[in-house]
Participant: 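I'd like to ask you about the structure that follows.
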Amino acid sequence: MAAPPPPLPVATRAATPEHQQAGAGGGVDARRRAARALLFLASVALPCLVLYRAAVSRGAVLVRPGGAAVPWRMGVDLARFVQKKSEDARLERVLRAAAMANDTVILTTLNSAWSEPGSVLDVFLESFRTGESTRELLDHLVIVSLDTTAHARCRQVHRHCFALLTDGVDFSGHKNFMSDGYLKMMWRRIDFLGQVLEKGFSFIFTDTDIVWFRNPLPHFYPDGDFQIACDHFTGDPNDLSNAPNGGFAYVRSNTETIEFYRFWYEAREKHPGLHDQDVLNSIKRDSYVAELGVKIKFLSTELFGGLCEPSRNMSRVCTMHANCCVGLGRKISDLNAMLQDWRRFMALPREEKHSVSWTVPRNCSLQKLER
């Protein structure tokens, strides 16, 4: 950065006898006033210069051939820059308020189609209230709303809400699997989760069409950086042949996972038309991922089940996912059935609990069409 220009010379006049009588003390006071004025000007100019240079480095300021910036463009992009900084600070506050002692948060994303009364959100929150040692986990849950309607609904029913709005993209309606809107929503999610890691927060990410029955934290692997649920589990948590499902994951914030999420997000450009889960399947064996040293673990469907592969042990199951299910109405129906099965299980004496099994799927098909 170039040094600031020297101050302009100040015109002076010969000292009168009165000024001479003031002596050296008057000169010191004048220099102090001048120094204060220069410090004030610097305090105003420096932030503006920082914002301008940041905008230039991001290619935000248009420059004419003569070298002059286009004022309206600079103003627009500086406003976006300031807005981004404000959103960043807001996210930091929400995460900090919800974080556990070890800086772990629970995250879910929500749009208006899933937030309506009686829809997926209500079943999701009810599962926390009826599960074993799960009610207190609501204090650490952040609902990330993808549109203003979902955010308003979140603020009615939950404490920790964050609005993640995207200019020019409408995430409010139900997105059919593999539609353009679905793909944009999934990749926006991956980008956001990477930002959470960069802020130093570990997270449990959960789709909202998952019901929680037990606290999953004691069941995560102590040596896993990136741990993800499966549509199909081979029995070996280290087997890269497992079929991961991005609807549930536990990720520790460290240099390996931060770079892993950056690599994952950037890999979308090499795999156009694929969603995050298929791209994950493509990169999990990539030499760069191995070079990073990120420790990937796959979670057993006995503990983290779903309609693709239901848990067979209700005495151990932590979560159940309405995956492999097409249609919002069908999801809601089978999620409610899961809650009914759970309540029935909990109401039985200990010696009879082994006889209870899931009654789902009822309305959902087992075709692997939607996660």
Side-chain angles (χ1 to χ4, degrees), residues 106-109 124 127 131 177-178 182 186-187 189-190 193 202-252 256-257 260-261 263-264 267 271 274-286 289-290 294-326 331 334-335 338 341-342 357-358 360-361 364-371:
I106 303 170
L107 301 171
T108 193
T109 51
F124 176 72
S127 73
F177 182 60
M178 291 306 295
Y182 174 89
M186 294 300 100
W187 285 115
R189 184 174 80 183
I190 295 299
L193 294 177
S202 303
F203 63 77
I204 303 171
F205 176 80
T206 172
D207 273 348
T208 320
D209 63 340
I210 291 178
V211 282
W212 285 49
F213 300 125
R214 291 184 177 87
N215 185 345
L217 282 165
H219 302 283
F220 294 135
Y221 299 101
D223 60 340
D225 297 318
F226 174 81
Q227 307 184 37
I228 189 166
C230 298
D231 285 338
H232 171 67
F233 182 63
T234 66
D236 180 359
N238 301 303
D239 184 2
L240 292 177
S241 298
N242 282 299
N245 186 299
F248 188 92
Y250 171 56
V251 187
R252 290 189 173 94
E256 292 82 8
T257 56
F260 175 67
Y261 265 77
F263 179 66
W264 187 1
H271 303 276
L274 296 184
H275 60 74
D276 59 307
Q277 196 164 293
D278 282 343
V279 173
L280 174 61
N281 268 323
S282 296
I283 67 171
K284 64 187 179 183
R285 290 185 171 88
D286 193 283
V289 173
V294 59
K295 297 181 178 64
I296 299 175
K297 295 281 189 178
F298 297 92
L299 299 170
S300 167
T301 50
E302 181 182 27
L303 295 171
F304 305 95
L307 297 182
C308 296
E309 193 168 282
S311 168
R312 291 182 171 83
N313 191 343
M314 293 185 71
S315 295
R316 296 196 64 205
V317 64
C318 294
T319 62
M320 279 282 285
H321 191 181
N323 51 6
C324 295
C325 182
V326 178
K331 280 182 178 285
D334 275 22
L335 286 167
M338 291 180 202
D341 292 341
W342 173 255
S357 59
W358 302 109
V360 291
C364 290
S365 69
L366 287 181
Q367 295 178 354
K368 188 176 179 181
L369 296 177
E370 182 174 86
R371 298 166 176 86

Participant: If you look at every heavy atom in Leu299 and Phe233, which pair is closest and at what distance?
Facilitator: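 The answer is O-CD1, 3.7 Å.
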Participant: Considering non-hydrogen atoms only, spot the tightest contact between Trp264 and Val279 and give its length.
Facilitator: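 Heavy atoms of Trp264 and Val279 come nearest at CD1-CG1, 4.0 Å.
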Participant: So do Leu107 and Leu193 actually touch side chain to side chain, heavy atoms under 4.5 Å?
Facilitator: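 SC-SC contact between Leu193 and Leu107 confirmed.
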Participant: Would you mind reporting whether Asp231 and Gln277 have side-chain heavy atoms less than 4.5 Å apart?
Facilitator: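 Contact flag for Gln277/Asp231 side chains = yes.
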Participant: Indicate the atoms forming the closest heavy-atom contact of Lys284 with Leu240, along with that distance.
Facilitator: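 Lys284 and Leu240 have their closest heavy atoms at NZ-O, 2.5 Å.
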Participant: Testing the basics here: between Gly131 and Trp342, what is the closest heavy-atom pair and its distance to 0.1 Å?
Facilitator: CA-NE1, 4.0 Å
Participant: So, Cys364 with Cys325, SGs under 2.5 angstrom?
Facilitator: yes
Participant: With no hydrogens and no angle check, is any side-chain donor or acceptor of Asn245 less than 3.5 Å from a backbone partner on Gly247?
Facilitator: yes
Participant: Short question: side chain of Trp358, backbone of Ser311 - any donor-acceptor pair under 3.5 Å?
Facilitator: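 Yes; at least one donor-acceptor contact below 3.5 Å.
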Participant: Is it the case that the side chain of Asn313 and the backbone of Ser315 share a donor-acceptor pair, with hydrogens and angles ignored and the cut-off at 3.5 Å?
Facilitator: yes
Participant: Which pair of heavy atoms, one from Phe124 and one from Ile210, lies closest together, and at what distance?
Facilitator: CD1-O, 3.0 Å
Participant: List the atom of Val289, the atom of Ile296, and the distance in Å for their closest heavy-atom pair.
Facilitator: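 Residues Val289 and Ile296, closest heavy atoms: CG1-CD1, 4.1 Å.
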Participant: Go through Val294 and Phe263 one step at a time and tell me if the side chain to side chain contact (heavy atoms under 4.5 Å, CB included) criterion holds.
Facilitator: CA-CA 12 Å; Val294 59; Phe263 179 66; over 6 Å; no
Participant: Going by heavy atoms in the side chains, are Leu307 and His321 under 4.5 Å from each other?
Facilitator: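 The answer is no; the side chains never approach within 4.5 Å.
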Participant: Does any N or O in the side chain of Ser127 come within less than 3.5 Å of the main-chain N or O of Phe213, such that one atom is a donor and the other an acceptor?
Facilitator: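 Side chain of Ser127 to backbone of Phe213: no pair is present.
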Participant: Output, in order, the C-alpha distance, side-chain angles, deciding distance and verdict of side chain to side chain contact (heavy atoms under 4.5 Å, CB included) for Leu335 and Met338.
Facilitator: CA-CA 5 Å; Leu335 286 167; Met338 291 180 202; 4.2 Å; yes
Participant: Evaluate the side chain to side chain contact (heavy atoms under 4.5 Å, CB included) criterion for residues Phe205 and Arg189: first the C-alpha distance (whole Å), next the side-chain angles of each, then the deciding distance (0.1 Å), finally the verdict.
Facilitator: CA-CA 10 Å; Phe205 176 80; Arg189 184 174 80 183; 3.2 Å; yes
Participant: Are Tyr250 and Pro216 side-chain neighbours, meaning at least one heavy-atom pair lies under 4.5 Å?
Facilitator: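 Contact flag for Tyr250/Pro216 side chains = no.
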Participant: Ignoring hydrogens and angles, write down the donor-acceptor pairs under 3.5 Å from the side chains of residues 218-230, residues two or more places apart or on other chains.
Facilitator:
{"unit_1": "Asp225", "atom_1": "OD1", "unit_2": "Asn254", "atom_2": "ND2", "d": "3.1"}
{"unit_1": "Asp225", "atom_1": "OD2", "unit_2": "Lys295", "atom_2": "N", "d": "2.9"}
{"unit_1": "Gln227", "atom_1": "OE1", "unit_2": "Tyr221", "atom_2": "N", "d": "2.8"}
{"unit_1": "Gln227", "atom_1": "NE2", "unit_2": "Tyr221", "atom_2": "O", "d": "2.8"}
{"unit_1": "Gln227", "atom_1": "NE2", "unit_2": "Gly224", "atom_2": "O", "d": "3.2"}

Participant: I'd like to know if the side chain of Thr234 pairs up with that of Asp236 as donor and acceptor (distance under 3.5 Å, no hydrogens or angles considered).
Facilitator: no
Participant: Going through the checks in order, is the side chain to side chain contact (heavy atoms under 4.5 Å, CB included) test met by Thr206 and Thr319?
Facilitator: CA-CA 10 Å; Thr206 172; Thr319 62; over 6 Å; no
Participant: Would you give the length of the straight line joining atom CG of Asp341 to atom CE of Met320, rounded to the nearest 0.5 angstrom?
Facilitator: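 One finds 8.5 Å between CG of Asp341 and CE of Met320.
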Participant: Do Tyr261 and Ile190 touch side chain to side chain, with heavy atoms closer than 4.5 Å?
Facilitator: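 Yes, side chains in contact.
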Participant: Test of understanding: with salt bridge (charged side-chain N to carboxylate O under 4.0 Å, His left out), list the residues that count as partners of Glu302, not counting sequence neighbours.
Facilitator: Arg316
